2 protein chains.
Amino acid sequence: MMEAAEYAIGDLARRTGTKVETIRWYERNQLMPQPARTAGGRRVYTRAHLDRLAFIRHARELGFPLDDVRALLRLTDAPEHSCAEADRIARGHLTAVRGRIARLRALEAELARMVADCGQGRVADCRVIEVLADHSHANCLHTDGHGGPEV
Amino acid sequence: MMEAAEYAIGDLARRTGTKVETIRWYERNQLMPQPARTAGGRRVYTRAHLDRLAFIRHARELGFPLDDVRALLRLTDAPEHSCAEADRIARGHLTAVRGRIARLRALEAELARMVADCGQGRVADCRVIEVLADHSHANCLHTDGHGGPEV
DNA sequence: CTTGCAACGTGTAGCCACTACAGGAGCAAG
DNA sequence: CTTGCTCCTGTAGTGGCTACACGTTGCAAG
């Protein structure tokens with residue numbers, strides 16, 4: 001069996017590990033172009049669509065937000081252009097990932113300390129509850145206040 | 001000056017570093033009980049409210065989802081009960097945090113490799129774009145498919 | 001007493017990146 | 001022709017808030 005030149009939406013979904021609804025969502029949100037349609041109104045995709053969707057999914061797996069994905073997609077359409085922009089986006093994302101790792105590690109330490117100290121007794125003596133209720137934040141990691149999207 | 005026994009919503013916000021809208025949102029979503037009101041309709045909080053809000057915020061800072069926070073709050077209302085449940089929740093969360101750290105580290109490695117290999121030339125030769133476009137996923141981290149909420 | 005203004009009230013919409021339906025139509029195999 | 005899968009559109013929901021819009025309350029200064 002050879003590669004088909006046309007794909008139904010379900011084929012694209014299977015080949016890229018994407019849900020059908022997500023592909024339609026990408027179309028509505030301009031990440032995927034509108035494909036041709038059959039007489040009955042079904043979407044007909046080409047190899048180019050498949051490649052583009054695979055690119056999007058791969059970038060998403062790497063945690064790039066969709067705005068970054070959009071920018072990277074624009075770059076793939078200009079292969080003679082300098083790739084400094086792609087580098088900048090990837091470096092920015094790397095920095096963000098490193099920041100999240102750092103915060104998660106501080107968190108991990110605090111959680112580990114919490115559960116290590118829990119003697120499995122009554123709630124009134126529970127270290128987990130105690131730490132959470134500690135209004136003074138004496139044992140707390142010193143977050144800088146701005147918070148951010150997530151730890 | 002001594003501690004006031006009653007607080008306006010703005011006082012609670014300042015003392016816990018929470019936005020006023022967030023406090024009202026917690027009330028709508030049953031995390032905070034409905035407080036008394038003044039004749040003019042303004043919310044009047046007590047010390048108990050302040051403590052409860054501080055507890056919620058502290059748990060959120062540690063990344064506990066609201067459903068976990070709800071469960072932990074129920075435990076604080078039963079101080080004679082065993083704290084095994086609190087321990088279970090905290091351990092579960094610790095496991096989740098460790099999983100996220102592991103995935104982020106794999107990600108970090110892949111991103112670092114991407115940008116290290118980018119020669120800042122044309123997009124056609126860019127390693128960043130190339131890795132993303134790699135349909136075979138030959139250089140990809142082996143995610144197990146289920147994905148999860150986020151990397 | 002009036003005026004000004006911050007803090008408060010409600011209600012709704014938006015964020016991200018999907019996901020999950022409901023309710024119907026197309027289409028291939030048996 | 002029926003069965004059963006895939007597909008269509010459209011809408012609403014997720015988590016955990018955040019941001020408005022627009023109206024009211026409450027307090028102090030003039």
Side-chain angles (χ1 to χ4, degrees), chain A residues 4 6-32 34-45 49 53 55-73 93 96 100 145-151, chain B residues 4 6-32 34-45 49 53 56-73 93 96 100 146-151:
Chain A
E6 299 194 330
Y7 309 88
I9 196 169
D11 298 331
L12 245 71
R14 263 184 304 282
R15 280 163 188 265
T16 59
T18 314
K19 304 215 166 163
V20 167
E21 293 96 328
T22 304
I23 300 175
R24 287 196 284 250
W25 187 90
Y26 285 160
E27 183 181 328
R28 270 200 307 287
N29 292 272
Q30 336 263 31
L31 279 123
M32 290 291 286
Q34 289 185 314
R37 300 278 185 141
T38 65
R42 299 185 171 206
R43 290 170 177 82
V44 180
Y45 293 100
H49 290 105
L53 180 56
F55 185 99
I56 295 170
R57 294 306 293 178
H58 201 167
R60 291 289 303 128
E61 276 169 27
L62 289 172
F64 287 94
L66 283 190
D67 278 353
D68 283 359
V69 178
R70 269 182 260 264
L72 291 167
L73 281 169
H93 186 49
R100 286 212 275 156
H146 82 346
E150 135 164 351
V151 182
Chain B
E6 299 193 331
Y7 310 88
I9 194 167
D11 298 331
L12 244 70
R14 264 184 303 281
R15 281 163 188 265
T16 59
T18 314
K19 304 215 165 167
V20 168
E21 293 96 328
T22 304
I23 300 174
R24 286 195 285 247
W25 187 90
Y26 285 160
E27 184 182 328
R28 269 202 307 288
N29 292 273
Q30 336 261 32
L31 279 124
M32 290 290 288
Q34 289 186 316
R37 301 279 185 142
T38 65
R42 300 187 170 203
R43 290 170 178 80
V44 181
Y45 293 99
H49 290 105
L53 180 56
I56 295 169
R57 294 307 292 178
H58 201 167
R60 292 289 305 129
E61 276 168 28
L62 289 173
F64 286 94
L66 285 189
D67 277 354
D68 283 358
V69 177
R70 268 182 261 264
L72 291 165
L73 281 169
H93 185 50
R100 286 211 276 157
H146 83 345
E150 134 166 348
V151 181

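Chain naming here is simple, since letters A, B, ... match the order of the sequence lines and numbering starts at 1 in each. Keep in mind the model is a prediction, meaning the values are calculated, not measured.
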Check your understanding: Reckon Arg28(B) has a side-chain N or O less than 4.0 Å from the OP1 or OP2 of dT10(C)?
Key -> no

Point to revise | For atom CZ of Arg43(A) and atom P of dC8(D), their distance in whole Å | key: 4 Å

Study note, to complete from the structure: Taking for Phe64(A) and for Arg14(B) the nucleotide of DNA chain C with the nearest heavy atom, the one nearer the 5' end belongs to Arg14(B)

Check your understanding: Taking all non-hydrogen atoms of both residues, which atom of Thr16(A) and which atom of Leu12(A) are closest, and how far apart?
Key -> OG1-O, 2.7 Å

Review point. Does a side chain donor of either Tyr26(A) or Arg57(A) reach within less than 3.5 Å of an acceptor in the other side chain?
Key: yes

Point to revise | Distance in angstrom units between Ile23(A) CD1 and dC7(D) P, rounded | key: 9 Å

Exercise for review: Whole angstrom is fine here: how far is it from CZ in Arg37(B) over to P in dT24(D)?
Suggested key: 16 Å

Check your understanding: Which whole-number value in Å describes the distance from Leu53(A) CG to dC18(C) C1'?
Key -> 14 Å

Review point. Between atom CD in Glu6(B) and atom P in dG26(D), what is the gap in whole Å?
Key: 14 Å

Review point. Looking only at side-chain N and O atoms, does Thr22(A) come under 4.0 Å of OP1 or OP2 in dA17(C)?
Key: no

Review point. For dG16(D), does OP1 or OP2 lie under 4.0 Å from any side-chain N or O of Tyr26(B)?
Key: no

Check your understanding: Hey, is the side chain of Lys19(B) poking within less than 4.0 Å of OP1 or OP2 on dA19(D), counting only N and O atoms?
Key -> yes

Review point. How far apart are the closest heavy atoms of Leu62(B) and His93(B), and which atoms are they?
Key: O-NE2, 2.7 Å

Review point. Within the structure shown, what part of the strands sits under 4.0 Å from Arg70(B) by heavy-atom distance: base, sugar-phosphate, or nothing?
Key: nothing

**Study point:** Protein-nucleotide distance (Asp11(B), atom CG; dC27(D), atom P), rounded to Å
**Key:** 12 Å

Point to revise | Ile23(B) vs Arg43(B) side-chain heavy atoms within contact, under 4.5 Å | key: no

Study note, to complete from the structure: Closest non-hydrogen contact found for Trp25(A) with Leu31(A) is CZ3-CD1, 4.3 Å

Practice item. Go through dC8(C), dG16(D), dA17(C) for me and flag the one nearest to the Val20(B) side chain. Key: dC8(C)

Point to revise | Distance in angstrom units between Glu21(A) CD and dT14(D) P, rounded | key: 17 Å

Study note, to complete from the structure: Assert: residue with more 5' nearest nucleotide on DNA chain D, out of Arg24(B) and Ile56(B), is Ile56(B)

Check your understanding: Are any of the side-chain heavy atoms of Tyr7(A) and His49(A) separated by less than 4.5 Å?
Key -> no

Point to revise | Distance in angstrom units between Trp25(A) CH2 and dC21(C) P, rounded | key: 19 Å

Strictly under 3.5 Å: I want the nitrogen or oxygen pairs between protein and nucleotides 25-30 of chain C, one per line.
| unit_1 | atom_1 | unit_2 | atom_2 | d |
| --- | --- | --- | --- | --- |
| dG26(C) | N3 | Arg42(A) | NH2 | 3.0 |

Check your understanding: Given Tyr45(A) and Asp11(A), is the side chain to side chain contact (heavy atoms under 4.5 Å, CB included) satisfied, shown in steps?
Key -> CA-CA 9 Å; Tyr45(A) 293 100; Asp11(A) 298 331; over 6 Å; no

